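Take a look at the structure set out below.
All values below come from the heavy atoms of this structure, side chains included, with hydrogens, waters and symmetry mates left out. Because the structure is predicted, anything quoted here is derived from the model rather than measured.
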2 protein chains.
Amino acid sequence: MVIRENKAAAPEIAEENTRAKILNAAGEVFAEQGFEGATVRAITERAGVNVAAVNYHFRDKAELYTRVVVDACSVRAAFREAIAEGTDSPEERLRSLIHRFLEYLLDPNRPGWKRRLMAREMANPTTALDELVKNNIQPFRDEFLIPTLRQLTGGCFSRRQLGYIGSSIMGQCLYFLQSRPIIERLVPDFKIDKSDITEIADHITRFSLAAIAELTRQARRS
Amino acid sequence: MVIRENKAAAPEIAEENTRAKILNAAGEVFAEQGFEGATVRAITERAGVNVAAVNYHFRDKAELYTRVVVDACSVRAAFREAIAEGTDSPEERLRSLIHRFLEYLLDPNRPGWKRRLMAREMANPTTALDELVKNNIQPFRDEFLIPTLRQLTGGCFSRRQLGYIGSSIMGQCLYFLQSRPIIERLVPDFKIDKSDITEIADHITRFSLAAIAELTRQARRS
DNA sequence: CTCACTTTCAAACAAACGTTTTAAACTGTC
DNA sequence: GACAGTTTAAAACGTTTGTTTGAAAGTGAG
């Protein structure tokens, strides 16, 4: 039985090789050219495999795209665990949420094409965006961010207002993913590495906590 | 000579008709499908003209796209004048800037395809984005927003920090353009009309002024 | 009405595209 | 080595695409 175990594993690895090559190459080409602009021949050429391999390993080009995009947008396991971790104060909690969200959006250790594909998907949605929102963004917002904001503001604001505050925070974070092409044109030599993410997160946290504190003060005064 | 003037005008009007039809139809189709996904036949069918008309009136599909996108991103004349208008206080000025920027991004009186095309262009840049940034976004940021922030903060922050504050404000505004597909999935029945723009602008102004006031206070205390 | 220019149109063109087909090569089991 | 199943490859297929072509129709001036 142990020998059979080994045998079953071997073809899996071989299959993974061509298939993995296609997935990676496809990710890059789709990120650069979008779905329509990317050709199966460009992808297979970059992968170093034969053009028929796409239809052997995937039903068609569209299925390849969906798989690649879903993978790019999928949550890193660490993300959900990290945002679920308890932290001491609501301030600290918001800080943590913002840091984690930015890490999810901008992780420099992930291939750049995943980040770019995610940005593309947000602008030109396919069904993958449904998954991205349902699995990652909506839980982040509804289960963690808004409740934290409710704590921070001590019940001073309506659900609608908390929603707007939430969008202000998410908008600041998403700016660095979605407006990257704009930023690069505004700020020469713009790049994001680990320390930049921390700096950005620190700024957004400071700015947002300051806003919340002041808004809460004003609300309590009236 | 006057008669020749009239004659010259007449064919211009006729030419504008087919050409305008193509531009409008192209705008819609490019907004829906992107450059590669949009076919010349889909565009001409929607425009109700012959497929060869595209090459008669425009050099090729790419030139049609560029013209359409540049038009979609072009500044409304009122926008530049409005943001150049003097206002009383820096607070009022920031309010005005935010309102105008949002109106530029989200104007419900403009065809929806222009807004969607602008969002697409930001995610998948062509040369049109260079123009958009250079003509609209960079002046807005560098000539109006940052100087206003400098006034509001009374010289407490470095250029870098003012840049971050600027990005926080712009990120909040761009969120409602760029993350529209996300918002629509988070918030059922989401729509933006004139009063929504005002409400959003009011929120972003309040949030941002509160943040700036508090951050400035903290900076002065240390 | 003639003429020159403009605009429109249908057909054609050449290339590209995603996909299919078929056979060869590969792999693993008995 | 035979066999069955998997994987790879090149060629072919049918369709689509952007563009070109050549002629007809339209327009306006003299």
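Here C/dT8 presents its P atom at 11 Å from CZ of B/Phe58, a figure rounded to the nearest Å. In this structure, the OH atom of B/Tyr65 is 15 Å from the P atom of D/dT19, given to the nearest Å. Rounded to a whole Å, the CG atom of A/Asn17 is 18 Å from the P atom of D/dT6.
Within 4.0 Å (heavy atoms only), A/Ala52 reaches at least one base atom of the nucleic acid.
In this view, B/Asn24 and B/Trp113 satisfy the side chain to side chain contact (heavy atoms under 4.5 Å, CB included) rule, not counting sequence neighbours. Every residue meeting the side chain to side chain contact (heavy atoms under 4.5 Å, CB included) condition with A/Thr66, not counting sequence neighbours, appears here in chain and number order: A/Val70. For A/Phe207, the ring pair (Phe, Tyr, Trp, His ring centres under 6.0 Å) partners at least two apart in sequence or on another chain are A/His203. Contacts of B/Arg115 classified as side chain to side chain contact (heavy atoms under 4.5 Å, CB included), with partners at least two apart in sequence or in another chain: B/Leu106, B/Leu177, B/Arg180. Checked against ring pair (Phe, Tyr, Trp, His ring centres under 6.0 Å), B/Phe176 has no partners two or more places apart in sequence or in another chain.
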Treating primed atoms plus P, OP1 and OP2 as sugar-phosphate and everything else as base, which nucleotides of nucleotides 13-18 of chain D get B, S or - for protein heavy atoms under 4.0 Å?
----BB
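Mapped onto DNA chain D by nearest heavy atom, B/Asn50 and A/Val49 fall at different nucleotides, with A/Val49 at the one closer to the 5' end.
Between C/dT8 and B/His57, a contact under 4.0 Å exists linking OP1 or OP2 to a side-chain N or O. Contact between the side-chain N/O atoms of B/Thr18 and the OP1/OP2 oxygens of C/dT8 is found at a separation under 4.0 Å. Within the 4.0 Å cut-off from OP1 or OP2 of C/dT8, not a single side-chain nitrogen or oxygen of B/Tyr56 is found.
Side chain of B/Arg150 to backbone of B/Leu162: no donor-acceptor contact under 3.5 angstrom is found.
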